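Below: the structure, in C-alpha cells.
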Amino acid sequence: MLWSRTFIPTMKETPEGAEIPSHVLMLRAGLITQVMAGAYTYLPLGLRSLRKAEQIVREEMDRAGAVELLMPALSPMSLWERTGRARDFGNVLIHFELVRGNRKVHLALGPTHEEIITDMASRFISSYRQLPVTFYQIQTKFRNEERPRFGVLRTSEFLMKDAYSFDASLEQLNESYQKMYDAYCRIFERAGLDYLPVEAESGPIGGDASHEFMVPAQHGEDVLVHCRQCGYAANTERAARRGPQQLPPPPPQEELQPLELVDTPGASSIEQVSRLLGCQPSQLVKTLIYLADGRPVAVLIRGDHEANENKIRRFLGAERLELAPPAVIEQVTGAPVGFAGPVGLREPVPLYADWDVATTSNAVVGANQADKHYRGANRPRDFDLPPEHWGDLRVVADGDPCPRCSSGHLRTSHAIEVGHVFKLGTKYSRALGARFNDADEQLHDLIMGCYGIGINRILAALIETSHDRHGIIWPLSLAPYEVVVLPLNVKDEAVGRAAQQLHDQLEQAGVEVLLDDRDVRAGVKFNDADLIGFPLRVTVGQRGLKQGQLEVKWRWEGQSRNIPLEGAAEQVQQMLEEARQIPFRQLVEQARGQAEPAS
RNA sequence: CGGGGCGUAGCGCAGCCUGGAUAGCGCGUUAGACUGGGGGUCUAAAGGUCGCCGGUUCAAAUCCGGCCGCCCCGACCA
C-alpha cells in the first residue's frame with residue numbers, strides 16, 4: 001500500500017481533551033477520530049489493527065472449538081423483560097419504539113446477547129447429544145454509558161467478541177470454561193499484552209466461577225489486588241482477605257472511656273465528623289442501613305474502609321442488596337441519614353460487622369439523633385453482636401493479608417479489563433425455557449457460560465502499556481502494517497525506484513507493507529513512522545544505496561543496522577519470521593536490556 | 001446525575017478580567033522557488049455564524065442569563 005493512496009491524518013499536537021496515552025496516540029497516529037462522546041470512527045490504519053485483533057480472537061475461538069455466528073444488534077424488548085434485565089440494565093440499555101404500519105414495536109440495541117442466544121438455543125437444542133456446544137460472534141454492542149471516557153476504553157458502542165457455552169452438566173461446563181480460559185490466555189499472549197487473569201465477582205454460583213483478564217496499567221478503571229507471595233490475584237470488587245484467629249475478634253487492650261454524647265451539627269460524613277472531632281477516620285465506625293431482599297439490616301464498617309456490597313450480600317445469603325432509602329433509615333434509626341449508629345437504634349434490626357471494626361476501641365459512632373454522635377463506644381458494653389455476625393464485609397485495601405497464603409500481603413494496581421469469563425448457570429435458560437433431555441429422558445435447564453472480549457480494548461490496552469515519547473510500539477500481531485518502507489527523498493530516482501521495488505516484492509510475498517511515497521522531508525516521515533509505530537522500518541537513502549545498503553530498524557530497538565540491497569526483501573521476510581517466533585514482551589525486554597532507545 | 005474545566009480557521013492556542021476600529025499567532029492547507037538523513041527556508045494566498053439563543057449597551061469574542069457540546073473527578077457500569 002502506498003501512503004499517498006490510503007488515509008493517514010497524523011497530528012503533530014495533542015488534541016484538546018485527550019489525556020491518556022492510548023487516546024492521545026490513537027488520535028495523533030490517525031487511527032481513530034471522534035464523532036461524539038463515546039463514539040469513534042476507525043480510520044483505515046485503526047481499522048486494520050482492529051481487524052487483526054479480531055482475527056486473532058477468531059482463530060483462537062475456532063481452535064477452542066467454538067462456532068461462529070452473527071446475531072443482530074436489534075432485539076425485541078420483550079426478551080429483555082422476560083429475563084428481568086430490562087430493569088437490571090436500566091438506563092444502560094438503549095431501547096426505543098418504532099412505528100411499523102399501524103403498530104409499534106419496542107426494540108433494544110444489544111448490550112450483550114445472553115437473551116438472544118438462549119432464545120435460539122431453546123428452539124434448536126433439545127438433547128444432551130447436542131451438547132456441549134459453544135457459540136461466539138464478533139459484533140457491535142451498545143451501552144448507554146453514563147460517562148463515556150478515556151478514548152476507546154469506555155464507549156457507548158464497541159466491538160465485542162461474546163461467546164456462550166451450553167452444557168449438560170457442571171462438569172461439562174467446567175471443561176467448556178477451561179477451554180475458553182485457555183483460549184483467552186493464547187489470545188492476549190498473541191496480542192502482546194502483559195495480562196493477568198484475576199478472580200472476579202461471580203454472582204450466585206460463587207466459587208471460581210468468574211475470571212477477568214486484566215492488563216495492569218496506570219489509567220485502568222479497574223483495581224485489582226495481587227499477592228506476590230502466592231500469586232493470588234483478584235478484582236477488588238471480589239478480593240477476600242485473611243481473617244482473624246477467632247470470632248468475635250478480641251477487643252484491643254485499651255482503657256475504656258465512657259460513652260459520651262457529642263454535638264456534631266451538620267457533620268454526617270466520615271470526613272466531616274473526623275475533622276470536627278479531631279480524630280482519625282479509623283476511630284470512626286460507620287453504620288450502613290441496607291435492605292437485604294427488602295429486610296433492613298445494619299452493617300458496621302470501620303470509618304476508613306469501604307463496604308463491599310457483594311460480600312455483604314453473599315454473607316447475608318440475600319439475592320438483592322441495596323442501601324436503604326432515607327425513609328427506611330429514618331424509621332430504623334429515628335434520625336436523619338448520616339447519624340446512624342449501633343447504640344440505641346429505634347428499631348431492632350440485625351447488626352453485622354466487618355472484622356476490622358473489632359480493632360477500634362472508644363469508637364465514634366452515630367447516635368441515632370440528628371446532629372449527634374457518640375464518643376467512646378465499646379463492645380460488648382455499648383453494643384454487641386454474635387460471633388456469626390462478623391465477616392469480611394469490606395473492600396480490600398493495599399497491604400491487607402492475603403487470603404490464600406499465610407504470609408503474603410495484597411498489593412493493589414489499576415488495570416484495564418480486556419476479557420471476562422463467567423459461569424452463568426441456568427439463569428437465562430430457566431427464564432427463557434431452554435431445556436434439554438438427558439439420557440434418562442429427564443428435562444433439565446441448559447447450563448451456560450458466557451465469555452467476552454472487548455476488541456477495541458485490546459488495542460487501547462496495548463498502547464497504554466507499549467509506547468514511548470515518540471509514539472506507539474506495536475507488536476507485529478496488531479500493527480496496521482508490519483513494515484514501513486521509507487525513501488528519504490522520492491525525487492531521487494534511484495531511491496524512489498529501490499523503495500518501490502522493495503515494497504512491491506514484500507507486498508507480493510504477502511507482507512503487510514506501507515510505502516511512504518510522500519514528497520516530504522525525511523524528518524516528517526521518521527516522526528510519523530515512530531508515531532504510528534510500525535514494527536519494522538526500512539530506510540532507503542542515497543548514501544546507503546551507493547554502498548548497496550538499506551537501513552532496517554525495529555521500533556522497539558534503539559539501533560538500526562544495514563542490510564544489503566541485494567536480497568533485501570528476502571532478508572526482511574526472514575527478520576519478520578524470526579521476530580514472530582518470539583513473544584512481543586520478550587522482544588521489548590531484550591531491546592531494553594541492550595540500549596536506551598535513541599530513535 | 002453531583003463537582004470542576006473548556007468551547008475563537010482543519011489542529012493547537014492568545015485575546016475576555018478592564019467592551020471600541022479590519023479578531024491575532026503557530027502548525028497545517030494552496031501556488032511558486034530553494035532544500036533534501038529527524039516535523040527545513042523564503043514569497044504569495046485561501047480559510048472565521050468567536051458553540052447556540054436571548055439580554056445589557058451607541059457599541060459584545062469580551063459583561064449578564066439560559067441552553068448545547070466536549071474533557072476531567074465522583075456516582076453508575078450484566
Side-chain angles (χ1 to χ4, degrees), chain A residues 9-20 23-24 27-28 30 33-40 80 83-93 108 110-115 118 141-151 153-156 158 160 162 164 200-204 210 212 219 221-222 235 237 269 306 309-310 322-323 417 420-422 424-425 427-428 431 448 450-452 454 469-471 486-492 495-496 516 518-531 537 539-546 549-551 553 560 562 598-599:
Chain A
T10 59
M11 276 181 263
K12 210 166 177 177
E13 287 163 301
T14 299
E16 189 204 13
E19 295 199 356
I20 69 168
H23 192 198
V24 169
L27 289 167
R28 285 192 54 212
T33 184
Q34 185 176 45
V35 175
M36 60 179 181
Y40 290 84
W80 301 89
T83 58
R85 287 217 291 182
R87 182 197 61 210
D88 293 346
F89 270 114
N91 198 30
V92 172
L93 185 68
T112 175
H113 279 68
E114 281 83 3
E115 277 78 358
T118 309
K141 298 285 183 278
F142 297 86
R143 294 181 193 181
N144 179 36
E145 293 293 344
E146 296 287 326
R147 182 154 93 80
R149 62 191 129 161
F150 300 145
L153 273 178
R154 181 160 292 272
T155 52
S156 29
F158 56 97
M160 181 170 168
D162 46 325
Y164 308 91
E201 196 42 50
S202 56
S210 170
E212 286 165 339
H219 294 99
E221 283 191 277
D222 286 270
N235 195 314
E237 291 171 4
S269 72
E306 192 186 340
E309 295 189 3
N310 291 310
E322 58 207 339
L323 271 175
E417 179 190 348
H420 196 167
V421 293
F422 200 105
L424 278 175
K427 176 176 174 184
Y428 297 98
M448 295 175 59
C450 67
Y451 316 90
R469 66 197 170 91
H470 302 287
L486 198 155
L488 290 168
N489 181 355
V490 292
K491 285 205 179 132
D492 183 310
V495 168
D516 192 347
R518 294 175 298 171
D519 182 16
V520 294
R521 308 213 29 125
V524 176
K525 295 189 183 187
F526 284 133
N527 281 312
D528 274 347
D530 286 347
L531 175 61
R537 185 183 80 195
T539 308
V540 185
Q542 264 173 338
R543 291 203 308 240
L545 281 188
K546 276 184 189 146
Q549 305 261 291
L550 298 177
E551 179 197 289
K553 178 180 173 298
S560 62
N562 291 327
S599 197

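Letters A, B, ... are given to chains in the order of the sequence lines, protein chains preceding strands, and every chain is numbered from 1. Bear in mind that the values here come from a model prediction, so they are computed numbers and not experimental data. Values reported hereafter were calculated over all heavy atoms of this structure, with side chains retained and with hydrogens, waters and symmetry mates removed.
- When the P atom of G10(B) is taken as reference, atom CG of Leu27(A) falls 17 Å away, rounded to whole Å.
- Within 4.0 Å (heavy atoms only), Arg87(A) reaches no atom of the nucleic acid at all.
- Across A60(B) and G40(B), the matching C1' atoms stand 42 Å from one another, rounded to whole Å.
- Going from atom CG of Leu488(A) over to atom C1' of G36(B) covers 9 Å, rounded to whole Å.
- At a threshold of 4.0 angstrom between heavy atoms, the contacts of Asp519(A) include nucleobase atoms, whether or not backbone atoms are also involved.
- Using a distance-only test at 3.5 Å, with no hydrogens or angles considered, no donor-acceptor pair links the side chain of Tyr40(A) to the main chain of Leu27(A).
- The separation between Asp528(A) atom CG and G28(B) atom P is 12 Å, rounded to whole Å.
- Side-chain atoms of Asp530(A) come within donor-acceptor range of the base of G38(B), with a qualifying N/O pair under 3.5 Å.
- For G47(B) and G37(B), the C1' atoms lie 34 Å apart once the distance is rounded to whole Å.
- Between U62(B) and G24(B), the two C1' atoms lie 15 Å apart (nearest whole Å).
- Using a distance-only test at 3.5 Å, with no hydrogens or angles considered, a donor-acceptor pair links the side chain of Asn144(A) to the main chain of Asn91(A).
- Aromatic rings from Phe526(A) and His470(A) are positioned such that their centres are separated by 6.0 Å or more.
- Between Asn527(A) atom CG and G38(B) atom P there is a gap of 10 Å when expressed in whole angstrom units.
- With hydrogens and angles ignored, no donor-acceptor pair under 3.5 angstrom links the side chain of Arg537(A) to the base of G37(B).
- Note on Gly452(A): nothing from the nucleic acid sits closer than 4.0 angstrom, heavy atoms only.
- Within 4.0 Å of Lys525(A), counting heavy atoms only, lies no atom of the nucleic acid at all.
- With a cut-off of 3.5 Å on both pairing distances, C77(B) has no Watson-Crick or G-U wobble partner at all.
- Here the C1' atom of nucleotide C27(B) and the CE atom of Met11(A) are 13 Å apart, to the nearest Å.
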(request) Let me see the working for His23(A) and His219(A) under side-chain contact (heavy atoms from CB on, under 4.5 Å), right down to the final yes or no. (result) CA-CA 11 Å; His23(A) 192 198; His219(A) 294 99; over 6 Å; no
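- Under the Watson-Crick and G-U wobble criteria, each requiring two contacts below 3.5 Å, nucleotide G48(B) is left unpaired.
- Atom-to-atom, CG of Leu531(A) to C1' of C11(B) comes out at 14 Å; the value is rounded to the nearest Å.
- Below the 3.5 angstrom threshold, one finds a donor paired with an acceptor across the side chain of Glu551(A) and the base of G37(B).
- The partner of G69(B) is C6(B), by the rule that a Watson-Crick or G-U pair needs both atom distances under 3.5 Å.
- Separating the C1' atom of G3(B) from that of U49(B) is a span of 32 Å, rounded to the nearest Å.
- Between Leu545(A) atom CG and G37(B) atom P the separation is 13 Å, expressed in whole Å.
- When the P atom is compared between A44(B) and C58(B), the two are found 43 Å apart, to the nearest whole Å.
- Across all strands shown, G19(B) forms no Watson-Crick or G-U wobble pair with both key distances under 3.5 Å.
- Between the P atom of U41(B) and the CZ atom of Arg521(A) lies a distance of 9 Å, rounded to the nearest Å.
- Using the Watson-Crick or G-U wobble rule with both distances under 3.5 Å, A61(B) pairs with nothing in any strand shown.
- With hydrogens and angles ignored, a donor-acceptor pair under 3.5 angstrom links the side chain of Glu13(A) to the base of G26(B).
- G12(B) is paired with C25(B) under the Watson-Crick or G-U wobble criterion, all donor-acceptor distances under 3.5 Å.
- Using modelled atom types, one side-chain atom of Arg28(A) and one backbone atom of Met11(A) make a donor-acceptor pair closer than 3.5 Å.
- The shortest side-chain heavy-atom distance between Thr118(A) and Thr83(A) does not fall under the 4.5 Å cut-off.
- G19(B) and C64(B) are spaced 13 Å apart, taking the C1' atom of each and rounding to whole Å.
- Taking the C1' atom of each, G74(B) and C11(B) are spaced 31 Å apart, rounded to whole Å.
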(request) At under 4.0 Å between heavy atoms, which parts of nucleotides 67-78 of chain B does protein reach? Answer with one letter per nucleotide, 5' to 3': B base, S sugar-phosphate only, - none. (result) ---SSBBBBBBB
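- At a threshold of 4.0 Å, the pair Lys427(A)-Glu114(A) does not count as salt-bridged, since none of the basic side-chain nitrogens sits closer than that to a carboxylate oxygen.
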(request) Test Ile20(A) against Leu153(A) for side-chain contact (heavy atoms from CB on, under 4.5 Å), laying out the working first. (result) CA-CA 10 Å; Ile20(A) 69 168; Leu153(A) 273 178; 3.8 Å; yes
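- Residues passing the ring-ring contact (aromatic ring centres under 6.0 Å, His included) test with Phe150(A), sequence neighbours excluded: none.
- Panel note: side chain Lys525(A), backbone Pro487(A); a donor-acceptor pair is recorded below 3.5 Å.
- Across the P atoms, A23(B) and G48(B) are found 12 Å apart, a figure rounded to whole Å.
- Remark: C42(B) base-pairs with G32(B). Criterion, Watson-Crick or G-U wobble with two distances under 3.5 Å.
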